[in-house]
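Working notes for the structure below.
Just so it is clear, the structure is predicted and the values come from calculations on it, not from any experiment. What's counted below: heavy atoms across the whole structure, side chains too, no hydrogens, waters or symmetry copies.
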Amino acid sequence: VQLVESGGGLVQPGGSLRLSCAGSGLTFEYGNIGWFRQSPGQEREGIGCMNAHDGSTAYADSVKGRFTISRDNIKNTVYLQMNSLKPEDTAVYSCATDPVGGECTQAPMRPLDFDYWGQGTQVTVSL
């Protein structure tokens, strides 16, 4: 099982980025998928999740209305579209999956509830 994130980088405040999370050895058609972020000195924050069976999503207040999770089952890839980025969004972003988990109905999510993790991708929001 492997999750690989990509799409991070440097962006100015107010800009957008789309992160990708490609899965191998598993499918995103079961369980739920989460996006997390962690900045230096801070705890890992579960910013949003998607339920595989119906595509429903939940977001933390810190990103609600700005970030959107989507997926492409053919490519076995999950995306995190990030708009209206702020300097405080600077962090390492990781995707994770809980293939046998129940409904993910709220965020922030607990990292302990997710079994498989990607290595993370750095997002820096700065002038």
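Criterion: ILVMFWY side-chain heavy atoms under 4.5 Å apart, direct or through other members. Under it, Tyr116 and Met50 are part of a common hydrophobic cluster. No continuous path of ILVMFWY side-chain contacts below 4.5 Å connects Tyr79 to Tyr93, so the two sit in separate hydrophobic clusters.
Partners of Arg18 according to the side-chain hydrogen bond (donor to acceptor under 3.5 Å, both in side chains) rule, which considers only residues two or more places apart in sequence or in another chain, do not exist here. Judged as a side-chain hydrogen bond (donor to acceptor under 3.5 Å, both in side chains), and not counting sequence neighbours, the contacts of Asn83 are Ser16, Gln81. Residues passing the side-chain hydrogen bond (donor to acceptor under 3.5 Å, both in side chains) test with Lys64, sequence neighbours excluded: Asp61.
Rounding to the nearest 0.5 Å places CG of Asp89 at 11.0 Å from OG1 of Thr124. Atoms CD and OG, from Glu103 and Ser56 in turn, are 5.5 Å apart once rounded to the nearest 0.5 Å. Annotation: the span from Arg110 atom CZ to Cys104 atom SG amounts to 11.0 Å, rounded to 0.5 Å. Distance check: Leu19 CG to Thr77 OG1 gives 12.5 Å after rounding to the nearest 0.5 Å. For the atom pair OG1 (Thr57) and CZ (Arg71), the distance works out to 11.0 Å, reported to the nearest 0.5 Å. The line from CZ of Arg66 to OG of Ser84 is 7.0 Å long, rounded to the nearest 0.5 Å.
A 4.5 Å side-chain heavy-atom check between Ile47 and Leu80 finds at least one atom pair inside the cut-off. Two residues are said to be in side-chain contact when any heavy atoms from C-beta on lie closer than 4.5 Å; Gln122 and Thr90 meet this criterion.
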Report task. Please report the C-alpha distance between Met82 and Val11 in whole Å, then the side-chain angles of each, then the deciding distance to 0.1 Å, and finally whether the side chain to side chain contact (heavy atoms under 4.5 Å, CB included) criterion is met. Result -> CA-CA 11 Å; Met82 306 185 294; Val11 62; over 6 Å; no
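Considering all non-hydrogen atoms of both residues, Tyr59 and Ile69 come closest at OH-N, 2.7 Å. Minimum interatomic distance between Pro111 and Arg44 (heavy atoms only, all atoms of both residues): CG-CD, 4.1 Å. For the residue pair Glu5 and Thr121, the shortest heavy atom distance occurs at CB-CG2, 4.0 Å. Residues Asp72 and Lys75 approach most closely at OD1-N, 3.1 Å, considering heavy atoms. What you find for Glu45 and Ala60 is that their closest heavy atoms are OE2-CB, 4.2 Å.
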If you look only at distance, which donor and acceptor atoms sit under 3.5 Å apart when one is on a side chain in residues 23-35 and the other is two or more places apart or in another chain?
residue: Thr27; atom: OG1; partner: Glu29; partner atom: N; Å: 3.2
residue: Asn32; atom: ND2; partner: Gly102; partner atom: O; Å: 2.6

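Residue Met109 is found in a hydrophobic cluster whose other members, listed by chain and number, are Phe36, Phe114, Trp117; membership requires side-chain heavy atoms under 4.5 Å apart, directly or through intermediates. Other cluster members for Ile74: none, since no ILVMFWY side-chain heavy atom sits under 4.5 Å from it.
No more than 12 heavy atoms of other residues, nucleotides or ligands sit less than 6.0 Å from atom CD of Glu43.
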